[in-house]
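The basis for the numbers below is simple: all heavy atoms, side chains too, and nothing from hydrogens, waters or symmetry mates. Since this is a predicted model, take the numbers as computed values, not measurements.
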Amino acid sequence: MNQNLSLYKIFFTVANAGNISRAAGELYISQPAISKSIQRLEQSLDTVLFTRTSRGVRLTDEGKLLYDHVKTAFDAIETGEEQLRMAADLGIGHLRIGVSTTLCKYLLLPYLQEFIKLYPHIRITIECQSSNRTLQLLEEQKIDIGLISKPEHNTHIQFHPIEEIEDIFVASKNYLDNLFLRTKEEKYDILSTATLMLLDKDNMTRQYIDDYLAEQKLEPNTLLEVTTMDLLIDFAKIGLGVACVIKKFVQKELDNQTLQEIPLEFAIHKRQVGFAYLKSSYPSHALQEFISFCSKTKRGNIDL
């Protein structure tokens with residue numbers, strides 16, 4: 001479009017009014033200014049848009065052709081403005097969240113359950129990916145916010161911790177009894193002799209546990225890798241091996257003794273989980289509301 005939008009606005013108003021004087025009143029500008037603007041537009045398009053009559057002005061055939069397109073454009077602008085007003089009034093928006101399957105089930109869902117009660121018109125999209133992939137999606141701006149374990153080195157994100165988690169090793173009583181009969185190993189040697197079940201290597205938790213095992217100079221005899229923590233928990237419950245899980249997520253099994261925690265000579269350091277978003281990006285209205293909600297919400301007030 002080579003012309004200033006204001007010229008098309010004047011053209012559109014004059015065409016609707018059918019009279020330059022009436023259009024001048026609607027636009028709060030002088031009649032000469034309107035006539036001059038119409039002349040400029042006609043000269044630039046090298047065509048006559050209006051014919052003058054005793055009652056005002058009338059569109060030429062060329063003017064009618066242009067008017068149909070200009071009307072479509074201004075109708076679209078008006079629709080956009082109306083939708084923006086509606087979005088502001090109703091809190092309409094779109095929030096894209098990245099999260100691992102495990103953190104989605106055990107941590108994110110309780111937040112979402114309360115959030116959508118307050119903001120029912122915000123559309124939620126969930127990308128269930130590993131924490132490493134979630135960070136990548138954040139940097140590519142394909143999601144707005146991610147629920148992840150706090151990365152050690154990342155200056156590009158703003159991190160809001162919501163929970164401290166503790167990684168532990170668990171197994172069923174039957175598995176531990178049978179393992180002891182076979183090996184006569186002390187408790188802290190179990191990790192070297194048992195079938196050790198861990199998340200796959202793409203997972204941030206797995207990388208954290210690998211570092212721990214390396215620090216303790218522990219080399220598993222048999223290793224079983226799975227994709228989700230729910231599978232780790234289920235496999236441990238049926239006696240398939242020793243699983244590394246997040247303690248909070250198996251508290252019920254520990255309480256009813258379906259699973260037993262393996263005592264460690266050196267405990268695994270606790271780590272933080274929280275919401276992360278890019279520092280450099282301007283947060284949308286939906287993201288601002290979600291961050292504000294999460295900051296005000298206490299974990300103790302959310303039922304898991």
(message) Could you walk me through whether Phe266 and Tyr212 satisfy the ring pair (Phe, Tyr, Trp, His ring centres under 6.0 Å) test, starting with their C-alpha distance in whole Å, then the side-chain angles of each, then the deciding distance to 0.1 Å, before giving a yes or no?
(response) CA-CA 9 Å; Phe266 298 97; Tyr212 169 81; 8.4 Å; no
(request) Assess whether side-chain contact (heavy atoms from CB on, under 4.5 Å) is satisfied between Leu66 and Tyr8, documenting all intermediate values. (result) CA-CA 10 Å; Leu66 180 63; Tyr8 286 107; 4.1 Å; yes
(message) Apply side-chain contact (heavy atoms from CB on, under 4.5 Å) to residues Leu107 and Glu163 and explain how you reach the verdict.
(response) CA-CA 9 Å; Leu107 294 184; Glu163 182 118 358; 4.1 Å; yes
(request) Count the heavy atoms belonging to other residues, nucleotides or ligands that lie under 6.0 Å from CG of Asp46, then report whether that count exceeds 12. (result)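 No, the 6.0 Å shell around CG holds no more than 12 heavy atoms from other groups.
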(request) For Ile190 and Leu176, work out which heavy atoms get closest and say how close. (result)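 Smallest interatomic distance, heavy atoms only, reads CD1-CD2, 3.9 Å.
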(request) Of all the heavy-atom pairs spanning His269 and Tyr208, show the shortest one and how long it is. (result)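 Shortest heavy-atom separation between His269 and Tyr208 comes out as O-OH, 2.7 Å.
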(request) Could you please spell out the steps behind the side-chain contact (heavy atoms from CB on, under 4.5 Å) verdict for Leu278 and Gln158? (result) CA-CA 6 Å; Leu278 285 181; Gln158 185 72 38; over 6 Å; no
With a 4.0 Å cut-off on N to O distance, would you call [X] and [Y] a salt bridge?
X	Y	answer
Asp177	Lys173	yes
Glu253	Lys237	yes
Glu127	Arg96	no
Asp167	Lys270	no
Arg206	Glu225	yes

(request) Would you tell me whether Ser149 and Arg271 have side-chain atoms, one donor and one acceptor, within less than 3.5 Å of each other? (result)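 Result is yes, a qualifying pair exists.
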(request) Check the pair Phe74 / Lys9 against side-chain contact (heavy atoms from CB on, under 4.5 Å), numbers first and verdict last. (result) CA-CA 8 Å; Phe74 279 110; Lys9 176 63 175 176; 3.9 Å; yes
Backbone N or O of [Y] within a donor-acceptor pair of the [X] side chain at under 3.5 Å?
X	Y	value
Asn16	Phe12	yes
Thr60	Val48	yes
Thr72	Asp68	yes
Asp144	Leu287	no

(request) Look at the rings of Phe249 and Tyr106 and say which category their plane angle falls in: under 30° parallel, 30 to 60° tilted, over 60° perpendicular. (result)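 It falls in the parallel class, under 30°.
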(request) Compute the centroid of each ring, for Tyr277 and then for Phe159, and state whether the two points are separated by less than 6.0 Å. (result)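 No - the distance between ring centres of Tyr277 and Phe159 does not fall below the 6.0 Å cut-off.
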(request) Assert yes or no for the condition that the ring centre distance of Phe115 to Tyr119 is strictly below 6.0 Å. (result)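 That pair passes the under 6.0 Å test.
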